[in-house]
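A, B, ... follow the sequence lines: proteins, then strands. Residue 1 opens every chain. Quick note: numbers below take in every heavy atom, side chains included, and nothing from hydrogens, waters or symmetry partners.
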2 protein chains.
Amino acid sequence: MPNNSYSGSAEDDELIDAVLAASRALVAVAARSLNELEEDVTLVQYRVLVELAARGPQFVADLADILGVIPSTATRMCDRLLTKGLITRKRSTSDRRLVKVSLTQSGRNLISQVTQKRREELSEILSRISPLEREPVLNALRTFADAAGTVPEQEWSLGWRLSAGPREESKSQ
Amino acid sequence: MPNNSYSGSAEDDELIDAVLAASRALVAVAARSLNELEEDVTLVQYRVLVELAARGPQFVADLADILGVIPSTATRMCDRLLTKGLITRKRSTSDRRLVKVSLTQSGRNLISQVTQKRREELSEILSRISPLEREPVLNALRTFADAAGTVPEQEWSLGWRLSAGPREESKSQ
DNA sequence: TTCCTATATTTGCATATAGCAAGTATATAC
DNA sequence: GTATATACTTGCTATATGCAAATATAGGAA
């Protein structure tokens with residue numbers, strides 16, 4: 001073993017599988033929470049709302065940066081959210097080139113509903129982990145995230161999309 | 001604390017953040033590994049190749065099931081991968097309705113390259129976790145994944161897409 | 001055999017997502 | 001006051017996706 005840095009192999013694969021499985025589960029949770037609404041929103045659109053909720057109103061270019069997409073994509077994302085009444089667009093008076101994007105009350109409501117649903121589902125999952133293990137699990141996840149977390153925000157454009165197609169009223173799946 | 005089942009709140013959010021951060025990091029790793037190839041493949045397309053590599057040649061309908069999409073989507077995914085020379089399509093002689101999809105050598109090579117790159121990056125990350133913690137971290141991730149793992153494969157269509165747009169030769173990011 | 005039905009895949013159509021390039025409006029610098 | 005830079009939008013193209021309809025084939029019934 002010439003390398004002084006860790007260079008596992010089978011263990012790497014196990015780690016990949018473990019994190020992917022965890023992430024998969026979480027995405028599924030988010031997706032289910034979203035699907036249970038009447039409002040028809042994709043996961044990508046939902047993330048836009050989440051960022052607006054977390055950071056407050058943003059200009060289009062900033063929003064694009066946050067999402068890791070180019071401005072034109074952000075513009076069109078906003079077009080769709082505007083149509084759905086989840087955001088508003090307002091041109092700045094001080095600099096009329098800027099357009100500020102804000103959540104509507106409807107958008108905020110949607111966030112709360114999804115958050116609530118997700119919290120319930122998460123509790124479900126956590127209740128299946130023995131109380132003694134909860135804290136260690138959480139710490140371990142943080143340790144991993146920290147070690148890996150040197151990742152610029154841009155780089156995850158992300159891995160959210162569950163359905164890009166037209167509405168899926170039917171929840172046929 | 002009236003509830004007998006766990007019903008954390010701030011902790012739920014921390015857990016969500018931890019897992020999402022971890023998953024984000026991993027997706028970024030996969031994406032970087034993919035971007036460093038000359039071959040121009042999206043993460044969604046890559047996943048098709050991965051499943052074919054793991055399970056061997058598949059019929060279109062089975063592939064669709066595995067990926068959690070409807071058959072028409074699988075067909076068109078195959079169209080694109082065929083164009084790129086990464087898979088072959090062959091109509092079954094015993095039942096001429098069936099089409100078997102297989103990896104080409106080129107497709108297999110791509111998988112190995114990405115796997116190699118990913119392994120290197122993962123080792124990078126693991127080397128930043130103290131050796132003593134590695135095992136616990138891995139176990140914790142598995143514990144979480146197991147607890148959450150009641151998720152039907154279909155439900156994660158997944159959360160892979162990093163770029164759906166046209167090629168990104170420029171790697172400008 | 002012929003016809004009906006079930007199955008496997010493909011194709012047409014619509015929408016969302018995404019990048020690039022060109023266009024528009026506005027601000028700032030010289 | 002013109003040139004340049006900035007912020008956003010629009011046109012174009014490609015990927016990803018679902019639904020519905022079309023196509024081809026298989027299998028069973030009359």
Side-chain angles (χ1 to χ4, degrees), chain A residues 31 34-35 40-48 58-65 67-84 89-101 154 156-173, chain B residues 31 34-35 40-48 58-65 67-84 89-101 154 156-173:
Chain A
L34 231 45
N35 272 329
D40 181 38
V41 183
T42 69
L43 276 170
V44 172
Q45 290 168 5
Y46 177 65
R47 179 146 118 84
V48 176
Q58 299 286 323
F59 295 118
V60 173
D62 297 330
L63 196 55
D65 269 357
L67 300 171
V69 298
I70 66 175
S72 67
T73 299
T75 292
R76 274 185 274 241
M77 203 81 90
C78 290
D79 292 345
R80 292 171 205 123
L81 291 170
L82 195 65
T83 301
K84 295 177 181 177
R89 254 191 303 214
K90 189 164 173 296
R91 198 161 282 275
S92 161
T93 45
S94 60
D95 183 339
R96 294 188 39 73
R97 290 171 303 179
L98 303 171
V99 173
K100 182 149 271 181
V101 181
Q154 262 81 359
W156 72 304
S157 281
L158 77 129
W160 268 123
R161 123 95 54 78
L162 233 235
S163 159
R167 104 211 50 229
E168 349 99 312
E169 303 291 51
S170 46
K171 290 162 180 108
S172 49
Q173 191 95 287
Chain B
L34 230 44
N35 272 327
D40 180 38
V41 183
T42 68
L43 275 170
V44 172
Q45 289 169 5
Y46 176 65
R47 180 147 120 81
V48 176
Q58 299 287 322
F59 295 119
V60 173
D62 297 330
L63 196 53
D65 270 357
L67 300 171
V69 298
I70 66 174
S72 67
T73 298
T75 292
R76 273 184 275 241
M77 204 78 90
C78 290
D79 291 344
R80 293 170 204 123
L81 291 170
L82 195 64
T83 301
K84 295 176 182 178
R89 253 191 304 215
K90 188 163 174 298
R91 197 162 283 277
S92 160
T93 45
S94 60
D95 183 339
R96 294 189 37 74
R97 292 171 302 178
L98 304 172
V99 173
K100 183 148 270 181
V101 180
Q154 260 83 357
W156 73 306
S157 283
L158 99 116
W160 267 123
R161 124 93 55 75
L162 234 234
S163 159
R167 103 210 50 229
E168 349 98 310
E169 303 288 53
S170 46
K171 293 165 178 104
S172 49
Q173 195 95 287

Nucleotide [N], atom [atom2] - distance to [atom1] of [X] in whole Å:
X       : N      : atom1 : atom2 : result
A:Leu43 : D:dA16 : CG    : C1'   : 14 Å
B:Met77 : D:dT17 : CE    : C1'   : 8 Å
B:Leu63 : C:dA8  : CG    : P     : 14 Å
A:Gln45 : D:dA16 : CD    : P     : 19 Å
B:Leu82 : D:dA14 : CG    : P     : 17 Å
A:Asp40 : D:dT17 : CG    : P     : 16 Å
B:Lys90 : C:dA8  : NZ    : P     : 18 Å

I'd like to compare against my own output: the B/S/- annotation of nucleotides 3-10 of chain D with a strict under-4.0 Å heavy-atom distance to protein. ---BSSBB
Test your reading of the model: is there a side-chain donor-acceptor pair from B:Lys100 to the backbone of B:Ser92, 3.5 Å cut-off? no
What does A:Ser94 touch in the nucleic acid at a heavy-atom separation under 4.0 angstrom: a base, only the sugar-phosphate, or nothing? sugar-phosphate
d(A:Lys90 NZ, A:Phe59 CZ) to nearest 0.5 Å is 10.0 Å
Within this structure, what is the CD1-CG distance for the pair A:Ile70 and A:Asp65, rounded to the nearest 0.5 Å? 12.0 Å
Assert: residue with more 5' nearest nucleotide on DNA chain D, out of B:Lys84 and B:Ile70, is B:Lys84
May I ask you to test the A:Asp79-A:Arg76 pair for a side-chain heavy-atom distance under 4.5 Å? yes
Is the distance from OP1 or OP2 of D:dA16 to the nearest side-chain N or O of B:Arg80 less than 4.0 Å? yes
Member of A:Val69, A:Val60, A:Leu63 meeting the side chain to side chain contact (heavy atoms under 4.5 Å, CB included) criterion with A:Thr75: A:Val60
Smallest separation among heavy atoms of A:Lys84 and A:Val41, with atom names: NZ-CA, 4.4 Å
